[in-house]
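Okay, so here's the structure we're looking at.
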Amino acid sequence: MKKILRVLILLCCSFGTLAQQSVVSLELTNTGKDTLYLSYDPLFLGAKVRKDFFVAASGISDAIQFGIADEGIVDLNFRGKVFHLYLERGNQVKIKIDGKDWPKSLQIEGSLNAENAFLQQFNEKFADNFNATKVFAQMAEIPIDSLEMTLFDAKKAQSDFYKKATGLEKFSPKFKQYIENQIRWNYWNYLLAYPIVKGNTNTALTKVMALPNTLVADLDTKKLQDDALLSDSYRSFLSYYVTYFNSKAHDFEKYKDQSKSMTDKHNFAREHLPLLSYQYYLAYLLYNNCDKVLPSVARNTFAALSVSSTADAWSKVIKDKCGVILGAKDAEIAKVLEAKDGSFRAINLKGDSVALSSLKGKILYIDFWATWCKPCIEEFPYSKKLMQSIPSKFKKDIEFLYISVDDTEELWKKGVEKHALMEGLNLFSKGGWYSEAAKRFKLQAIPRYLIINKKGEIVYENAKRPSDPRTLGELIQLLEEK
């Protein structure tokens, strides 16, 4: 029996004056017991407006409002595949999906149909260029000069593909600006990320590496413009731009005090970023780090964010997330900040909250992964073999943990079952790259492995992979320690 789902999503303006609504209609045929969801992140902080549609045999219809300003990106997620839809105010867009031939059957009709068709082609063709996990993995293997050449070649390929797009001259000016920002800032984002990622993964280093001056000489800071904020490449670039050049201003010394780090980054951003980019960056800084700094520092940063009425929406989100910290005393939070990573908690397959501190007295080998991470999955056979290789006398003294940073609990559980990970302890840290695991352990890429000793201390922040033959020896050495 043919099943059809028709959904109208009404999109209106979230900032400033309300504008004409944009309407997106979805038509799904030949679907079964599936879940489709749409999400929109108007503030770019990961606090997405989301609506799930459960597709049954009889089909359903529903409506939802998303806040869209002049333009926005709405994510359509179906059967584990995500498509980004570019929308502008007043659009009439129709999306058609045939469940028998998904995702090849995706059709986009109506306003911006040519732009969205190109966007799907562009995102599919250059997916690896914009995949942080894969690019960060490259960084671990090649020197900066090689990375720069790789990024340059990728930028040229993206630009050539864009310039040859069918109907380019008729594309919306705002859409063209969005694509051009994606291309430009993706290059600079990963170039500036290189020394930061290297520095974070090597805790023995006391300084961040300095990039050769010739590599950053062409960075035109005049192109830092607020209308580029829709581009996730630009937003990611802002973080690495502030981090790298603020580090340079302080002789590349690594920060041991996160409160000092936030203060210095705030001051640098105020001097070098345009207004909305500056406000977004402060919101991003607080959203991801308010629990790592003293309340007085968080309040000072929040006060700077709140000084303009254009930052009202960001201020509200920060209040919701960081309200306790903003209202606390420095002396109270200072004690909390002294706590080690053993205070980290995540849920197990039964839905119970598990604290790493409860496993103190055991060696912990932690595997951070996600169902979309192919290199993670390729290591699973080796991790199972590693578990089996532990001598019987030590098995009670070691715990192998798989901590997922998937977007949803449903994806995580399906992944655990699919890859037969039942031998280890499976935990889920909700929120993907904004999860507690990502923040607490400073995840820049996965797979990532970490070893904690019996005292609850991190001894290998970037441990060797299960496939590395040296890993077993390092674990046994720790197990033998009294």
Side-chain angles (χ1 to χ4, degrees), residues 137 140 200-204 338-371 373-406 409 412-429 435-438 440-443 445-482:
N200 287 340
T201 55
N202 189 344
T203 55
E338 291 174 2
K340 301 300 182 181
D341 288 322
S343 60
F344 168 78
R345 305 182 71 89
I347 63 169
N348 62 18
L349 289 168
K350 294 180 180 179
D352 300 325
S353 179
V354 177
L356 289 195
S357 56
S358 68
L359 301 172
K360 192 172 181 180
K362 290 188 176 186
I363 301 298
L364 306 182
Y365 184 77
I366 304 178
D367 178 338
F368 296 99
W369 71 289
T371 53
C373 173
K374 186 178 179 181
C376 302
I377 294 167
E378 290 173 346
E379 287 289 324
F380 289 158
Y382 297 100
S383 64
K384 294 172 187 177
K385 184 178 179 180
L386 182 62
M387 284 186 236
Q388 295 165 3
S389 300
I390 298 294
S392 298
K393 64 179 180 179
F394 291 132
K395 287 189 181 294
K396 68 180 187 305
D397 298 318
I398 186 168
E399 193 78 62
F400 288 84
L401 276 70
Y402 295 101
I403 300 181
S404 165
V405 291
D406 273 300
E409 190 174 339
W412 163 58
K413 287 183 176 179
K414 286 182 178 179
V416 170
E417 182 178 357
K418 179 179 179 180
H419 302 294
L421 302 181
M422 303 308 295
E423 288 183 63
L425 174 59
N426 285 280
L427 299 177
F428 174 62
S429 187
S435 65
E436 185 65 22
R440 185 66 61 89
F441 298 104
K442 300 177 181 177
L443 298 185
I446 54 174
R448 163 91 176 275
Y449 304 91
L450 184 147
I451 297 176
I452 296 178
N453 65 16
K454 294 177 183 178
K455 298 178 182 178
E457 301 166 335
I458 296 176
V459 290
Y460 294 107
E461 192 168 19
N462 290 278
K464 297 177 179 62
R465 296 188 177 198
S467 58
D468 191 315
R470 296 170 292 178
T471 305
L472 177 61
E474 290 181 353
L475 290 174
I476 291 177
Q477 184 178 353
L478 287 170
L479 285 162
E480 289 176 339
E481 291 180 357
K482 301 298 182 182

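We count residues from 1, following the sequence as given. Nothing here was measured: the structure is a model prediction, and the numbers come from that model. No hydrogens, no waters, no symmetry mates; every other heavy atom, side chains included, goes into these values.
Once rounded to the nearest 0.5 Å, the distance linking CD of Glu480 with CG of Asp397 reads 11.5 Å. Note that CG of Asp367 is 9.5 Å distant from CG of Leu401, once rounded to the nearest 0.5 Å. Note: Ile363 CD1 to Phe400 CZ = 10.5 Å, rounded to the nearest 0.5 Å. Taking NZ of Lys360 as the start and CG of Asn453 as the end, the distance is 9.5 Å to the nearest 0.5 Å. From Leu475, atom CG reaches atom CD1 of Ile398 across 4.5 Å, with rounding to the nearest 0.5 Å. Residue Ile446 holds its CD1 atom at 4.5 Å from SG of Cys373, rounded to the nearest 0.5 Å.
Contact check for Tyr460 versus Leu478: side-chain heavy atoms found under the 4.5 Å cut-off. At a threshold of 4.5 Å between non-hydrogen side-chain atoms, the residues Ile366 and Tyr402 do not count as touching. Contact of the Ile452 side chain with the Lys362 side chain is not registered, since no non-hydrogen atoms from C-beta on lie closer than 4.5 Å. Counting heavy atoms from C-beta outward, Trp369 and Pro447 have side chains that stay 4.5 Å or more apart. Looking at heavy atoms from C-beta onward, Val405 lies in side-chain contact with Leu443 at the 4.5 angstrom threshold.
Checked by atom type, the side-chain pair Thr471/Tyr449 shows no donor-acceptor distance below 3.5 Å.
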Take Tyr365 and Ser383 through the test side-chain hydrogen bond (donor to acceptor under 3.5 Å, both in side chains) and record every step on the way to the result. CA-CA 10 Å; Tyr365 184 77; Ser383 64; over 6 Å; no
Evaluate side-chain contact (heavy atoms from CB on, under 4.5 Å) for Phe394 paired with Ile476, printing each intermediate quantity in order. CA-CA 8 Å; Phe394 291 132; Ile476 291 177; 4.2 Å; yes
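Atom OH of Tyr382 sits in a sparse spot, with 12 or fewer heavy atoms from other residues, nucleotides or ligands closer than 6.0 Å.
Nearest heavy-atom pair across Asn200 and Glu461 is O-OE1, 4.4 Å. The two residues Leu479 and Lys454 make their nearest non-hydrogen contact at O-NZ, 3.2 Å.
Under a 4.0 Å N-O distance rule, the pair Asp468/Arg470 qualifies as a salt bridge. Using a 4.0 Å cut-off between charged nitrogen and carboxylate oxygen, Glu474 and Lys464 count as a salt-bridge pair.
With hydrogens and angles disregarded, a donor-acceptor distance shorter than 3.5 Å links the side chain of Arg448 to the backbone of Phe441. A donor-acceptor pair under 3.5 Å links the side-chain atoms of Lys395 to the main chain of Ile390, judged by distance alone.
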Only pairs under 3.5 Å count here: list side-chain donor-acceptor contacts from residues 415-429, not counting sequence neighbours, and write none if there are none.
{"unit_1": "Asn426", "atom_1": "ND2", "unit_2": "Leu421", "atom_2": "O", "d": "2.8"}
{"unit_1": "Ser429", "atom_1": "OG", "unit_2": "Glu436", "atom_2": "N", "d": "3.4"}
{"unit_1": "Ser429", "atom_1": "OG", "unit_2": "Ala437", "atom_2": "N", "d": "3.0"}

